[in-house]
Amino acid sequence: MRHWLIKSEPDVFGVDDLARAPKRTTAWEGVRNYQARNMLRDDVRKDDQAFFYHSSCEVPGIAGIIEVARAAYPDETQFDRKTKYYDAAATKDAPRWFNVDVRALKKTRLVSLEEMRRQKPLAKMVTLRPGNRLSITPVTEAEWQHILKLL
DNA sequence: GCCAACGTTGGC
DNA sequence: GCCAACGTTGGC
């Protein structure tokens, strides 16, 4: 099983929203970055687990643990003119964007970005690399285990 | 709200 | 294929 870190803005959809969703599951949609898209489509499998990270908020950091309930499938919002994710170049036959379904496993204490940066074993974590903005990044087994111990 | 970093677009 | 302009992300 692979591990990931996926970001969401709590003002838009946070860990509590996921916990309240039907079956504690939702489509994690709106990814419009090719690198992230490729990872979603090619590398993320059903039953993979991920940290749910709150970004663009007062205290950014890991707020929960989720699992992938469904592997990548075409993101419906790319066909919907009413959403900001609409992409005129995408067709049903050749979808350009994909999403996965994620299910809440548990809410954790907030492990802040600042705390993560203080952890030596996390020094090389992809999401902590300068300039990184990807909404999904891989987490190594060692990083995963280290963060679990912090909880 | 600012701004650095990065990605995308489009003219040439 | 280069690069300037523009848009987005996300920490602060």
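Letters A, B, ... are given to chains in the order of the sequence lines, protein chains preceding strands, and every chain is numbered from 1.
Formation of a donor-acceptor pair under 3.5 Å by the A/R32 side chain with backbone atoms of A/Y85 is found in this model. Looking at A/R109, its side chain does come within 3.5 Å of a backbone N or O of A/L150 through a donor-acceptor pair. A distance-only check finds no donor-acceptor pair linking the side chain of A/H146 to the backbone of A/K120 [under 3.5 Å].
Remark: the A/R32 side chain and the C/dT8 base include no donor-acceptor N/O pair separated by less than 3.5 Å.
Between the P atom of C/dC12 and the CD atom of A/E58 lies a distance of 13 Å, rounded to the nearest Å. If you take OH of A/Y34 and P of B/dT8, they are 7 Å apart, rounded to a whole angstrom. One atom, CD of A/E9, and another, P of C/dT9, lie 7 Å apart when rounded to the nearest Å. Atom CZ of A/R133 and atom C1' of B/dA5 are 6 Å apart (whole Å). In this structure, the CE atom of A/M39 is 14 Å from the C1' atom of B/dG7, given to the nearest Å. Between the P atom of C/dG10 and the CG atom of A/N132 lies a distance of 8 Å, rounded to the nearest Å. The distance from atom CZ of A/R96 to atom C1' of B/dT9 is 12 Å, rounded to the nearest whole Å. Atom CG in A/N33 sits roughly 13 Å away from atom C1' in C/dG7 (whole-Å rounding).
The nucleotide whose nearest atom lies closest to any side-chain atom of A/S55 is, among C/dG11, B/dT8, C/dG7, C/dG11.
Contact annotation: A/Y85 side-chain N/O to C/dT8 OP1/OP2 distance is not under 4.0 Å. Contact check, A/K7 against C/dG10: a side-chain N or O comes under 4.0 Å of OP1 or OP2.
Taking the six-membered ring for Trp and thresholds of 30 and 60 degrees, A/Y34 and A/W97 have ring planes inclined between 30 and 60 degrees apart.
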